[in-house]
Asker: 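Can you read through this structure? Questions will come right after.
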Amino acid sequence: MILQEVVLNNFRNYTLQTVRLSEGTNVFFGNNAQGKTNFLESVRYMSIGKSMRTSREKELIKWNEDCARVKATVQNGNVTKRLDIILPQQKSKTVKINSVPITKMGELMGVVATVLFSPDEIGIIKNAPSDRRRFIDISLCQLSKAYFYALNRYNKILLQRNTLLKSGRADENSLAVWDLQLVGEGARIAKSRAGFVKRLEKLACDNHAYLSSDKERLTLEYEGFSGESNEEISQKMLDALKADRERDLKQGYTHSGIQTDDLKVSVNGTDIRKFGSQGQQRTAALSLKMAEVDLYFQEKDEYPILLLDDVFSELDKTRQERLLHKIQGIQTIITCTHFEFSDIENIRYFKVNNGTVEYIENEN
């Protein structure tokens, strides 16, 4: 998968900008607050349909403008796709693929597959379980549209169950109807998550050993409902919901389900979510992201686009060099304030200044 061209119109601080990317490494450099991360955000937005920085989508529209637009041309083997997202102030956004509007956001998944790593991504390790669930969910949604739709259905059912609990009108019979729907979707999701973590673990372990010069061993463990079949998992979920019935009714929300899952990350046997150093947590987070890249390649026979936002300032020289070696052959977008990457093949430099991107023929 190669992202060939990106066009931004009134997106963040960009008025109208067209950028043609290299198939290899693309370095966007410049001072802070000039638009480097905004450009990278536009690519991520086209990938998952959401901003990585805000839940208020209208913030993506340039100040005092009525509408933002992002377009991309993507080459996937012999197939070219053109993606167009229009985000008006007063209406819902429109997403088109090859000029045809999509009716479900799941159709967007995988069109521009990306893996993002930024300084904030250390939160995958040290923050709340919701950050680790989000990491798993975004990865799986890009790998499987079926997972995306199952997760959406589960969240809608969970919302309806919680609304019923808060209304004060819930009873055994009314909750039982929602419980059966909830565990049906939940079992599919839990089984997918457990399988994903199992497949990811070896790749993450290999990447971590590489980045740490074989000094550390990383292991992953899915913490959630498990079982050999969907039926077995469904029954465990149903039993948990029944056990929590009184507590759910009293407190007005659902205590059991996949919304409480977590991912345990250990280095040399120590749970680094709580007890790891910042360096260990950062390396582990990067290892998970690189494993995500490898897993996508294993399952799709193509690499996703790697987005590295100001990552090199967070890594020591050894890890920088190892990461640079690792990304050879993967289309990568790097943002930084300065660069020393002249030894990389197939590299293109872009200087970003106040919402304008300028291609630099040969900076070195």
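What you see is a predicted model, and the numbers here were worked out from it, not measured in a lab. Computed over heavy atoms, backbone and side chain alike; hydrogens, waters and symmetry mates excluded.
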Asker: Scan L8, T335, N13, N26 and name whichever one has a side chain to side chain contact (heavy atoms under 4.5 Å, CB included) with F39.
Answerer: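 Passing option: L8.
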
Asker: Using a distance-only test with no angle check, is there a side-chain donor-acceptor pair under 3.5 angstrom linking D171 and S174?
Answerer: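 Side-chain D/A pair, D171 to S174: present.
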
Asker: Are more than 12 heavy atoms from other residues, nucleotides or ligands located less than 6.0 Å from atom NZ of K104?
Answerer: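 No, not enclosed.
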
Asker: Regarding S47 and Q142, do their side chains bring together a donor and an acceptor under 3.5 Å, going by distance alone?
Answerer: yes

Asker: Which distance, rounded to the nearest 0.5 Å, do you find between the CG of L3 and the CD of Q331?
Answerer: 5.5 Å

Asker: Which of these passes side chain to side chain donor-acceptor pair (under 3.5 Å) with S256: D244, D248, D239?
Answerer: D244

Asker: Rounded at 0.5 Å granularity, tell me how far CD1 in I61 sits from CD in Q89.
Answerer: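 If we round to the nearest 0.5 Å, I61:CD1 and Q89:CD are 3.5 Å apart.
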
Asker: Between R322 and N207, does a side chain to side chain donor-acceptor pair (under 3.5 Å) hold up when you go through it step by step?
Answerer: CA-CA 10 Å; R322 287 181 174 270; N207 276 285; over 6 Å; no

Asker: Mind checking whether T283 and L218 have side chains closer than 4.5 Å, heavy atoms only?
Answerer: no

Asker: Start with the C-alpha distance between K36 and F350, add both sets of side-chain angles, then the distance that settles side-chain contact (heavy atoms from CB on, under 4.5 Å), and finish with yes or no.
Answerer: CA-CA 9 Å; K36 302 186 301 295; F350 301 90; over 6 Å; no

Asker: Should we count NE2 of H255 as having more than 12 external heavy atoms under 6.0 Å?
Answerer: yes

Asker: Strictly distance-based, threshold 3.5 Å: is any side-chain N or O of R282 a donor or acceptor partner for the main-chain N or O of S277?
Answerer: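 No: the side chain of R282 does not pair with the backbone of S277.
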
Asker: Are F28 and V19 close enough that some pair of their side-chain heavy atoms sits under 4.5 Å apart?
Answerer: yes

Asker: From N155 CG over to Q259 CD, what is the distance, rounded to the nearest 0.5 angstrom?
Answerer: 8.5 Å

Asker: Would V6 and V70 count as a side-chain contact (heavy atoms from CB on, under 4.5 Å) here? Give the steps.
Answerer: CA-CA 7 Å; V6 175; V70 292; 5.9 Å; no

Asker: If every non-hydrogen atom of Q280 is compared with every non-hydrogen atom of I272, which pair is closest and at what distance?
Answerer: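 Looks like O-CD1, 3.9 Å.
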
Asker: Without swapping roles, check the side chain of N9 against the backbone of A68 for a donor-acceptor pair under 3.5 Å.
Answerer: no

Asker: Starting at CZ of R133, measure out to OG1 of T260 and round the result to the nearest 0.5 Å.
Answerer: 7.0 Å

Asker: Is there side-chain contact between F297 and I330, with heavy atoms separated by less than 4.5 Å?
Answerer: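 Not touching, per the 4.5 Å side-chain cut-off.
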
Asker: Looking at Y359, does the NZ or CZ of R348 lie under 6.0 angstrom from its six-membered ring centre and within 45 degrees of the ring axis?
Answerer: yes

Asker: Give a yes or no on this: more than 12 heavy atoms of other residues, nucleotides or ligands lie within 6.0 Å of atom NZ of K93.
Answerer: yes

Asker: Quick one: are C205 and K202 in side-chain contact, heavy atoms under 4.5 Å?
Answerer: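 With C-beta onward as the side chain, the pair stays apart.
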
Asker: Can you find a pair of side-chain heavy atoms, one from Q298 and one from L203, that are under 4.5 Å apart?
Answerer: yes

Asker: Please lay out, stage by stage, how D262 and R273 fare under the test side-chain contact (heavy atoms from CB on, under 4.5 Å).
Answerer: CA-CA 11 Å; D262 202 353; R273 294 174 297 185; 2.9 Å; yes

Asker: Does S234 reach the main-chain N or O of N230 with its side chain, forming a donor-acceptor pair under 3.5 Å?
Answerer: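 Between the backbone of N230 and the side chain of S234 there is a qualifying donor-acceptor contact (under 3.5 Å).
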
Asker: So which atom in Y222 and which in A194 form the shortest heavy-atom distance, rounded to 0.1 Å?
Answerer: CD2-CB, 3.6 Å

Asker: Taking the side chain as every heavy atom from C-beta outward, state whether V265 and I124 have any atom pair closer than 4.5 Å.
Answerer: no

Asker: With a 3.5 Å distance limit and no angle check, can you tell me whether K289 reaches the backbone of L116 through a side-chain donor-acceptor pair?
Answerer: yes

Asker: Can you find a side-chain donor-acceptor pair between E41 and S51 that sits under 3.5 Å?
Answerer: yes

Asker: More than 12 foreign heavy atoms under 6.0 Å from CD of Q278: is that the case here?
Answerer: no

Asker: Side chains of R188 and Y154, heavy atoms from C-beta outward: is any pair under 4.5 Å?
Answerer: no

Asker: Might you confirm whether atom CD of E23 has over 12 heavy atoms from other residues, nucleotides or ligands at distances under 6.0 Å?
Answerer: no

Asker: When you measure from the side chain of N98 to the backbone of R82, do you find a donor-acceptor pair of N or O atoms at a distance under 3.5 Å?
Answerer: yes

Asker: For a quick test of reading the model, state the closest non-hydrogen atom pair linking Y14 to G35 and the distance between them.
Answerer: OH-O, 2.6 Å

Asker: Is the shortest heavy-atom distance from the side chain of V95 to the side chain of L83 under 4.5 Å?
Answerer: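 Side chain of V95 against side chain of L83, heavy atoms only: contact under 4.5 Å found.
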
Asker: Checking side-chain contact (heavy atoms from CB on, under 4.5 Å) for the pair L249/L165: CA distance, chi angles, key distance, verdict?
Answerer: CA-CA 6 Å; L249 288 166; L165 286 168; 3.9 Å; yes

Asker: Counting distance only, does the side-chain N/O of H338 pair as donor-acceptor with the main-chain N or O of C336 below 3.5 Å?
Answerer: no

Asker: A quick test of your reading: do over 12 heavy atoms of other residues, nucleotides or ligands sit less than 6.0 Å from NZ of K62?
Answerer: yes

Asker: Could you state the interatomic distance from CG (D137) to CG (L151), rounded to the nearest 0.5 Å?
Answerer: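 Between D137 CG and L151 CG, I get 4.5 Å after rounding to 0.5 Å.
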
Asker: Going by an N to O cut-off under 4.0 Å, is there a salt bridge joining D179 and R245?
Answerer: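 Between R245 and D179 there is a salt bridge, with a charged N closer than 4.0 Å to a carboxylate O.
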
Asker: Under 3.5 Å, side chain of K236 to main-chain N/O of S226, donor-acceptor pair present?
Answerer: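 Side chain of K236 to backbone of S226, a donor-acceptor pair under 3.5 Å: yes, one is there.
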
Asker: Assess whether ring-ring contact (aromatic ring centres under 6.0 Å, His included) is satisfied between Y210 and H208, documenting all intermediate values.
Answerer: CA-CA 5 Å; Y210 174 73; H208 195 85; over 10 Å; no

Asker: Check this for me: does any side-chain nitrogen of one of D84 and R69 sit under 4.0 Å from a carboxylate oxygen of the other?
Answerer: yes

Asker: Rounded to the nearest 0.5 Å, what's the gap from NZ on K156 to CD on E185? Could you check?
Answerer: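 Between atom NZ of K156 and atom CD of E185 there are 11.0 Å.
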
